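Below you'll find the structure, written out as structure tokens, and then a few comments.
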2 protein chains.
Amino acid sequence: MIQPLDLCRSQLPNVRQALEQAEVLCQQRGTRLTDLRRRVLEIIWNSPAPLGAYAILDVLRNDGRQGAPPTVYRALDFLLEQGLIHRLATLNMFTGCRRPDCCHSSQFLICRDCGQVEELSNPAVDELLRDEAATRQFEVLAQMVEVLGRCPNCRGVAFHAR
Amino acid sequence: MIQPLDLCRSQLPNVRQALEQAEVLCQQRGTRLTDLRRRVLEIIWNSPAPLGAYAILDVLRNDGRQGAPPTVYRALDFLLEQGLIHRLATLNMFTGCRRPDCCHSSQFLICRDCGQVEELSNPAVDELLRDEAATRQFEVLAQMVEVLGRCPNCRGVAFHAR
DNA sequence: TTGATAAATGTTATCTTATAACAATTGTTA
DNA sequence: TAACAATTGTTATAAGATAACATTTATCAA
């Protein structure tokens, strides 16, 4: 008996939960999650795959909002600062952070075909890179680890129920 | 007695050597390192820090060459395919590959201040990421590991001679 | 050598991503 | 309420990348 699983979706926390957590975090930090910023965060979480700034802008305009690129980029800057979203450098796109509550270095598995992203947080990767840097007296400010490939769904990998 | 070291420079292979190696590799592979492609590779190697496509284009035009963006991007595509250069996704820039002869996954230490780049090739990083991917039945096509920070020179770190 | 073909480059136009600069609005606090 | 800071609106443009088609150059078979 074959039982296909939708791995990617099963790992997406729901949108409302992400928004509530963002609300709490910003309150704790004394930063302002304005309407615009909350809406941008919501748009990002609503999307199954990462979004580009201009795609987000399109949604905002569909909302009936005014807006130009800076509108979006400023909101994105805020959300990045707060650790509520990540920027995927290889795609020039943005995706919701799965663990906005704690500082962590992330690694991303990005599916070339469907665009869905899995966020990892393997401390060993972080440590290895820090060690390499330390050896060279290099001060680490940020890490960017992205693995491009194909997710199980897009590979057509079937899982057999045990 | 204090002995400052110029670590970054000391690791840059010289340009001629890089070009000769590229020549040999392309000959072995039956690919054509044309004048344009060789010149672009030379421009990249001549620069102490990574270059953007348009900066390369400017140099080409100073050469007296004709050219438009596609001219450069096509040459860059070829050099990337041949593994003679790397693209730094966080900077949208290109840098010469230190080990074009062997397939390898690279990690980069990128100095935010001076822009200089150190290329690492730590197999453990590669393996960790492959393991994480394998666990998730994710097929790896490419890895992008970039560490942004400050190099010893820009931190003002002094080295003491032993 | 020539003609046919493929590869590389030239050229124009356009698309995508991102930011600078300044104006208007909104929120906060003395 | 006035003064100030933060946020958002608006216009323009910079910077990175590619599509589409023309032209040139290299390669190779006849």
Side-chain angles (χ1 to χ4, degrees), chain A residues 22-23 26-27 29-44 47 49-61 63-82 84-95 115 144 146 148, chain B residues 22-23 26-27 29-44 47 49-82 84-95 115 144 146:
Chain A
E23 203 75 61
C26 287
Q27 211 153 28
R29 296 168 184 167
T31 55
R32 296 178 46 213
L33 188 64
T34 60
D35 272 1
L36 176 64
R37 291 164 174 173
R38 186 186 304 103
R39 179 63 183 130
V40 169
L41 183 60
E42 183 181 35
I43 290 168
I44 289 171
S47 168
L51 289 178
Y54 283 75
I56 295 167
L57 183 56
D58 285 343
V59 179
L60 285 177
R61 284 176 170 157
D63 285 358
R65 251 180 220 273
Q66 304 148 297
T71 309
V72 177
Y73 280 102
R74 283 187 292 227
L76 291 171
D77 285 343
F78 173 85
L79 297 172
L80 285 169
E81 273 168 24
Q82 299 298 318
L84 297 170
I85 61 171
H86 294 287
R87 180 172 188 277
L88 302 174
T90 49
L91 301 179
N92 296 322
M93 288 182 173
F94 302 86
T95 190
M144 251 249 5
E146 298 177 16
L148 196 70
Chain B
E23 202 75 60
C26 288
Q27 211 154 28
R29 295 167 184 169
T31 55
R32 294 178 47 211
L33 188 64
T34 61
D35 272 0
L36 176 65
R37 290 164 176 175
R38 186 185 303 103
R39 179 64 182 130
V40 169
L41 183 58
E42 184 182 35
I43 291 168
I44 289 173
S47 169
L51 290 178
Y54 282 73
I56 294 168
L57 183 55
D58 286 342
V59 179
L60 285 177
R61 284 174 170 158
N62 277 346
D63 285 357
R65 251 180 220 272
Q66 306 149 295
T71 308
V72 177
Y73 280 102
R74 282 186 293 226
L76 291 171
D77 284 344
F78 173 84
L79 297 171
L80 285 169
E81 274 169 23
Q82 299 299 316
L84 297 169
I85 62 172
H86 293 288
R87 179 171 189 277
L88 302 174
T90 49
L91 302 178
N92 296 322
M93 288 183 174
F94 302 86
T95 190
M144 246 248 9
E146 298 176 18

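Heavy atoms only: backbone and side chains are in, while hydrogens, waters and symmetry mates are out. Keep in mind it's a predicted model, so treat the numbers as computed, not measured. Order of the sequence lines fixes the chain letters, A, B, ..., with proteins taken first and strands second; residue numbering starts at 1 for each chain.
Not one side-chain nitrogen or oxygen of B:Tyr73 sits closer than 4.0 Å to the OP1 or OP2 atom of D:dT18. Close to C:dT9, at under 4.0 Å from its OP1 or OP2, lies a side-chain N or O of B:Thr34. OP1 or OP2 of C:dT9 has not a single side-chain nitrogen or oxygen of B:Gln66 nearer than 4.0 Å.
Mapping B:Asn92 and A:Ala75 onto DNA chain D via the closest heavy atom, the residue that lands nearer the 5' end is A:Ala75. For B:Pro69 and B:Asp35, each mapped to the nucleotide of DNA chain C holding its nearest heavy atom, the one lying further toward the 5' end belongs to B:Asp35.
Looking only at distances, no side-chain donor or acceptor of B:Arg39 sits under 3.5 Å from a matching main-chain atom of B:Asp63. At distances below 3.5 Å, at least one donor-acceptor pair connects side-chain atoms of B:Thr71 with backbone N or O atoms of B:Ala68.
To the nearest angstrom, P of C:dT9 lies 9 Å from CZ of B:Phe78. Across the protein-nucleic acid pair, A:Arg87 atom CZ and C:dT16 atom P stand 17 Å apart, rounded to whole Å. For the pair B:Ile56 CD1 and D:dG16 P, the computed distance is 11 Å after rounding to whole Å. Rounding to whole angstrom units, CG of residue A:Asp77 and C1' of C:dA18 are separated by 10 Å. The distance between atom CG of A:Leu76 and atom P of C:dA18, rounded to the nearest whole Å, is 9 Å. The distance from atom CG of B:Leu57 to atom P of C:dT11 is 12 Å, rounded to the nearest whole Å. For the pair B:Arg65 CZ and D:dT24 P, the interatomic distance rounds to 17 Å; values are reported in whole Å. Across the protein-nucleic acid pair, A:Met93 atom CE and C:dT17 atom P stand 6 Å apart, rounded to whole Å.
C:dT16 has no base stacking with the ring of A:Tyr54 when judged by centroids under 5.5 angstrom apart and an interplanar angle below 30°.
Side-chain proximity of B:Arg32 to C:dT12, C:dT9, C:dA7: nearest is C:dA7. Side-chain proximity of B:Pro70 to C:dT19, D:dA19, C:dT17: nearest is D:dA19. Listed nucleotides C:dA21, D:dC21, C:dT12 differ in distance to B:Arg74; the shortest reach to its side chain belongs to D:dC21. Side-chain proximity of A:Leu36 to the nucleotides C:dA18, D:dT8, D:dA19 is greatest for D:dT8.
The residue A:Thr71 sits close to a base: some heavy atom pair falls under 4.0 Å. Residue-level contact check: A:Arg37 touches the backbone only, with heavy atoms under 4.0 Å from sugar-phosphate atoms and none from bases.
A:Glu23 contributes atom CD, which lies 5.0 Å from atom CG of A:Leu33 (distance to the nearest 0.5 angstrom).
In this structure, A:Thr95 and A:Pro50 approach most closely via the heavy-atom pair CB-CB, 4.3 Å. Residue A:Leu41 comes nearest to A:Leu79 through the heavy atom pair N-CD1, 3.9 Å, listed as atom of the first residue, atom of the second, then distance.
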